[in-house]
Amino acid sequence: YDATQRVPLVLSHASGRVGIETALRSLADVAPTLLEVCAAPASKQHEGTSLLRPTETDGVYVENRSTEYLRGWSSLYGFRTAQWKYVRAPRSELYDLGRDPEESVNRLDEFPDVVAALSARVDAVLAESTDPTLQRVEPEVIAKLQSLGYLATIEPGTASHPTEDPKDHVAGVVAMFRGQEEFLRGNLLEARRLLEEALASDPQMKRAHSYLAGTYLQLRDFDACIQHGLAFLDIPPAVNEGPVHLTLGEAYLASGRPREAVEHLRRAREVDPGSRRAAKLLAAATQRVN
């Protein structure tokens with residue numbers, strides 16, 4: 001949707017050309033633009049066209065795969081023109097952006113010809129898409145990227161529910177983000193209420209388990225902390241697990257289970273070797289085991 005897909009770009013270039021480009025352009029055009037600005041040869045890996053060159057496109061393809069990869073729901077695919085936005089989902093949508101820039105009124109049933117035309121454009125893009133090239137990455141690099149939240153590893157056989165429409169989970173996601181905000185403000189009881197509300201909407205909401213583990217740790221309810229921390233680790237994909245291992249290590253140590261604490265604190269150190277807190281807690285847990 002345009003709330004995330006419509007992104008302004010300011011480009012300063014030695015050509016001195018000044019103006020506002022109103023044509024629809026794609027994020028895929030940014031890399032070819034940077035290569036041209038740097039006078040570097042074009043790359044066959046990039047499908048877009050430099051923003052310094054005119055385009056004849058009458059629309060752009062949009063997608064959101066994170067709903068599938070990170071939450072197990074349906075992916076979203078779409079095509080946007082100056083007037084229309086088509087979103088392919090279990091319950092597809094069509095918006096008249098000229099009259100409805102907020103994308104609040106679904107006009108799918110009113111304009112079947114527009115839907116058919118834009119759906120065909122989505123089909124054409126998907127038909128030309130290829131699987132990304134697999135490259136070997138060192139385990140320590142993967143761990144670092146995971147600790148920063150920049151990487152998710154999808155395990156073979158990960159359960160997904162492609163018939164689940166992300167729209168059906170809006171209330172739960174909103175509760176999760178509000179709970180996260182309250183946690184960061186230190187309002188732990190309100191954070192717990194909102195995060196539990198999010199899990200009532202979707203028990204597999206991985207991020208809610210993460211913040212509930214942290215919330216219960218600060219509330220000194222170590223059993224609940226451990227329950228949600230382990231639930232987070234059990235739910236695919238493997239993403240940003242270092243802080244949760246640290247939280248589990250602290251909870252196990254505080255509840256008198258140093259052996260389990262050592263296991264998780266070692267994992268936390270592997271992901272973030274520079275963490276002083278993990279090092280301090282690991283030393284304390286190791287001493288108690290010995």
> Can a donor-acceptor pair be found between the side chains of Glu63 and Tyr61 at a distance below 3.5 Å?
Replying inline: yes
> So, are Asp100 and Arg107 salt-bridged, with charged N and O less than 4.0 Å apart?
Replying inline: no
> Which pair of heavy atoms, one from Ser74 and one from Pro90, lies closest together, and at what distance?
Replying inline: OG-CD, 3.3 Å
> For the residue pair Phe183 and Tyr211, does the interplanar ring angle fall in the parallel (under 30°), tilted (30 to 60°) or perpendicular (over 60°) class?
Replying inline: perpendicular
>> Could you tell me if Arg207 and Gln180 have a donor-acceptor pair between their side chains, going purely by distance under 3.5 Å?
In response: yes
> Minimum heavy-atom separation for Pro203 to Ile235, with atom names?
Replying inline: O-CD1, 4.2 Å
> Are Arg80 and Asp58 ion-paired here, with the side-chain N under 4.0 Å from a carboxylate O?
Replying inline: no
> What is the minimum heavy-atom distance between Glu250 and Leu265, and which atoms define it?
Replying inline: N-CD2, 4.4 Å
> Thinking salt bridges, do Glu93 and Lys167 make one under a 4.0 Å N-O criterion?
Replying inline: yes
> Do we see a donor-acceptor contact under 3.5 Å between the side chains of Arg88 and Ser119?
Replying inline: yes
>> We want to know whether Gln227 and His209 form a side-chain donor-acceptor pair, criterion being a heavy-atom distance below 3.5 angstrom.
In response: no
>> Please give me the minimum heavy-atom distance between Gly256 and Arg288, naming the atom from each residue.
In response: CA-NH2, 3.7 Å
>> Taking the ring of Phe111 and the ring of Trp84, is the distance between their centroids below 6.0 Å?
In response: yes
> Where is the tightest heavy-atom contact between Arg65 and Ser75, given as atom of each residue plus distance?
Replying inline: NE-OG, 2.9 Å
> Under 3.5 Å, is there a donor-acceptor pair linking the side chains of Tyr252 and Glu263?
Replying inline: no
> Looking only at heavy atoms, what is the nearest atom pair of Tyr95 and Glu103, with distance?
Replying inline: CE2-O, 3.2 Å
>> Taking Arg193 first and then Glu190, would you say they form a salt bridge - that is, a charged N and a carboxylate O separated by under 4.0 Å?
In response: yes
